[in-house]
Number of protein chains: 2
Amino acid sequence: MLKRERHQYIMNKFQEVEKINTIDLALELEISEDTIRRDFNELNNKGLINKVYGGAFLVKDKSKNVFDINIINEDKKIIVGQKALSFLSDGQVIIMSGGTTNLSFCKLIPIDFSATIYTYSLPIAMQLSQHPNIELIFIGGKLQKKAMVTIGIDVVQVLSKIKADICFLGVSSIDENQGLTEMGYEVSVVKKEMIKASGKVIAMATSDKINGKMMHKVCGLEQLHAVITDLNPKSPKVKNFVDAGLNVL
Amino acid sequence: MLKRERHQYIMNKFQEVEKINTIDLALELEISEDTIRRDFNELNNKGLINKVYGGAFLVKDKSKNVFDINIINEDKKIIVGQKALSFLSDGQVIIMSGGTTNLSFCKLIPIDFSATIYTYSLPIAMQLSQHPNIELIFIGGKLQKKAMVTIGIDVVQVLSKIKADICFLGVSSIDENQGLTEMGYEVSVVKKEMIKASGKVIAMATSDKINGKMMHKVCGLEQLHAVITDLNPKSPKVKNFVDAGLNVL
DNA sequence: TGCTAATTTGCAAATTTATGCATAAAATTA
DNA sequence: TAATTTTATGCATAAATTTGCAAATTAGCA
């Protein structure tokens, strides 16, 4: 029995029992206690089990993977993303802002889609790196760790020098009167610059973002080419936007 | 029986069995254990199987998740990373190159470590974004999708303007005479620039990178302040480096 | 086809890894 | 505190592996 097999055996055993005693397992597998202890130590160091005096327990809440992005309201975001697909066409130069709505959208982009995409979001860049025909350009700068996006003067400078066909803009808040607003000043500056650099601007907003107001203004509704939500365009919640002449879908 | 056939045979065998013992397979195919081991090594380095002492297992459920980076030879890389920790001290300005060895290293960095870190690797940036006291600066540019790193003129330009205390340099190949070499030209240019920008350069090399020679030279051994491998510094495989006056650990 | 170069394979020596045992240290229990 | 149980550590041994080398095989090419 190879070491690796024993380790697997131990981990499987925890399906049946809550605790494994060192001595018992040594008898069961007919090997020395020392070996079991060494196994326990290794698994313990890997964070898989909890070694105690006399045996070991399974570690249950294994810390979740750093790279697992938890998307809240993913179903709504998928609806938004699917609608946004209609704005894609091969050969475009695209600016993709950050946020989980845009991340959901990126997951839906056909694998063979061909374009040049600028982004400053780490998760979105990783997602898009799966697409062989997308030329991907990451806009560097200081990282805002929480959102996993770069921000600041470096980002603005790069954006000020490019020209894109279309920008998919994740929104924090959208309101009939205030337009798009953001919580952080720096993000609002970056988004302004993205709008300036893009021919068309598509606002990607799940319904919970509607009628919110935040500190820093990004732009008025008139600067948006379209607003995409998870709602039916006839929904009363978006009636104001439609009435204002906005392209809502 | 050709090598290719054997490799195929091995992979097919895993359809039936969970593990393959080196000796058993040697008997079964009536060839030497050495050949089986070499086969296992090759398949292991391709990430198809998991070689262990005494045999091999199939690498299964390669997660489809884009964000799950599969690190081959992770054990070795963890050993390298642990040794590298001794070079860290609070307040440093660090350049962290790409690669899974550095990624493993980053996973080991204490959560409260405080520093400024430049990187151009998406996975490493995501990993380091977990550290609240690290100021993280991502070097933007065109993305090389396979390695998930930015490359090209933009990266070189940013690097040419910064000054770091230390650089942790993932290596593709290291050789007594050739020094550090790379497969891709662009990567070699970026690495040269990193070395220029850094006070100290630490080469991070798992043992399978030793005595390899590739097309594009990065630097000679004399430019390295230390080489970290998973081997014991007394190991004969690194003797040449030690004899050349290099700091090997 | 025949020759050369490159690759592959098996062998042997050196090295590493896994394992069990003895003993000392640490933790638990009474 | 003392007695008992469990664990850590160093060491010995056997098995597995690495590595350099030479022979054998395969591939490339005139």
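Numbered from 1 within each chain, the chains take letters A, B, ... in sequence-line order.
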Legend entry - Value rounded to 0.5 Å, distance of CD1 in A/I137 from CD1 in A/I117: 10.0 Å

Inset, instruction - Report the distance from atom CZ of A/R4 to atom P of C/dT17, rounded to the nearest whole Å. - result: 17 Å

Inset, instruction - May I ask you to decide if the ring planes of B/H216 and B/Y185 are parallel, tilted or perpendicular, using 30° and 60° as cut-offs? - result: perpendicular

Legend entry - Rounded (10°) bend between the five-pair end axes of the helix from C/dT1-D/dA30 to C/dA30-D/dT1: 50°

Legend entry - Of A/G54 and B/G55, the one whose closest DNA chain D nucleotide lies more 5': A/G54

Legend entry - Sub-4.5 Å side-chain heavy-atom contact between B/L58 and B/M11: yes

Inset, instruction - Using whole Å, report how far CZ of A/R37 lies from P of D/dT5. - result: 13 Å

Legend entry - Residues touching DNA chain C, which here means a heavy atom under 4.0 Å, drawn from residues 170-179 of chain B: none

Inset, instruction - Please list residues of residues 78-85 of chain B whose heavy atoms come under 4.0 Å from any atom in DNA chain C, ordered by number; otherwise none. - result: none

Legend entry - Contacts of type side chain to side chain donor-acceptor pair (under 3.5 Å), residue B/T100, not counting sequence neighbours: B/K77

Inset, instruction - Can you establish whether the number of heavy atoms outside B/E222 located under 6.0 Å from its atom CD is more than 12? - result: yes

Inset, instruction - Give, for atom CG of B/N41 and atom CG of B/D208, the distance between the pair rounded to the nearest 0.5 Å. - result: 9.0 Å

Inset, instruction - Give the C-alpha distance, both sets of side-chain angles, the deciding distance and a yes or no for side chain to side chain contact (heavy atoms under 4.5 Å, CB included) between A/L85 and A/F113. - result: CA-CA 11 Å; A/L85 287 174; A/F113 179 59; over 6 Å; no

Inset, instruction - Check whether more than 12 heavy atoms from other residues, nucleotides or ligands sit under 6.0 Å from atom CD of B/E5, and answer yes or no. - result: yes

Inset, instruction - Measure the CG-CZ distance between B/L43 and B/R38 for me, rounded to the nearest 0.5 Å. - result: 14.0 Å

Inset, instruction - Summarise how protein sits on nucleotides 23-30 of chain C as a single string, 5' to 3': B when a protein heavy atom is under 4.0 Å from the base, S for sugar-phosphate-only contact, - for no contact. - result: ---BBS--

Inset, instruction - Check whether more than 12 heavy atoms from other residues, nucleotides or ligands sit under 6.0 Å from atom NZ of B/K146, and answer yes or no. - result: no

Legend entry - Greater than 12 external heavy atoms within 6.0 Å of A/M1's CE: yes

Inset, instruction - Would you confirm whether B/K76, through its side chain, and B/T101, through its main-chain N or O, come within 3.5 Å as a donor-acceptor pair? - result: no

Inset, instruction - Starting from C1' on C/dG20, measure out to CG on A/L25 and report it in whole angstrom. - result: 16 Å

Legend entry - Value in whole Å for how far the P atom of D/dA16 lies from CG of B/L27: 11 Å

Inset, instruction - State, without any angle test, whether B/D230 and B/S207 hold a side-chain donor-acceptor pair at a distance under 3.5 Å. - result: yes

Inset, instruction - Return the value, rounded to whole Å, for the distance between atom CG of B/N21 and atom P of D/dT17. - result: 9 Å

Legend entry - Donor-acceptor pair present, B/D34 side chain and C/dA12 base, under 3.5 Å: yes

Legend entry - First encountered from the 5' end of DNA chain D, between A/K51 and B/T22: A/K51

Inset, instruction - Determine, step by step, whether A/D39 and A/H7 satisfy the side-chain hydrogen bond (donor to acceptor under 3.5 Å, both in side chains) criterion, reporting the C-alpha distance in whole Å, the side-chain angles of both residues, the deciding distance to 0.1 Å, and the verdict. - result: CA-CA 7 Å; A/D39 288 343; A/H7 288 193; 3.0 Å; yes

Inset, instruction - Quickly work out the B/D75 CG to C/dT17 P distance and round it to whole Å. - result: 11 Å

Inset, instruction - Keeping the roles fixed (side chain from A/D165, backbone from A/V93), state whether a donor-acceptor pair exists under 3.5 Å. - result: yes

Inset, instruction - Quick one: pull up CD in A/Q127 and SG in A/C106 and give me the separation to the nearest 0.5 Å. - result: 7.0 Å

Inset, instruction - Using only side-chain N and O atoms of B/N232, determine if any of them is under 4.0 Å from OP1 or OP2 of C/dT16. - result: no

Report all interatomic pairs (protein N or O, nucleotide N or O of nucleotides 4-9 of chain C) with separations under 3.5 Å.
unit_1	atom_1	unit_2	atom_2	d
C/dT8	OP1	B/K3	NZ	3.3
C/dT9	OP1	B/R6	NH1	2.6
C/dT9	OP1	B/R6	NH2	3.2
C/dT9	OP2	B/R6	NH2	2.9

Legend entry - Interatomic distance, A/N44 CG vs D/dT7 C1' [rounded to whole Å]: 13 Å

Inset, instruction - Rounded off to whole Å, could you give me the CD1-to-P distance for the A/I36 and C/dC21 pair? - result: 13 Å

Legend entry - Expected output: side-chain A/K3 to main-chain B/V52 donor-acceptor under 3.5 Å: no

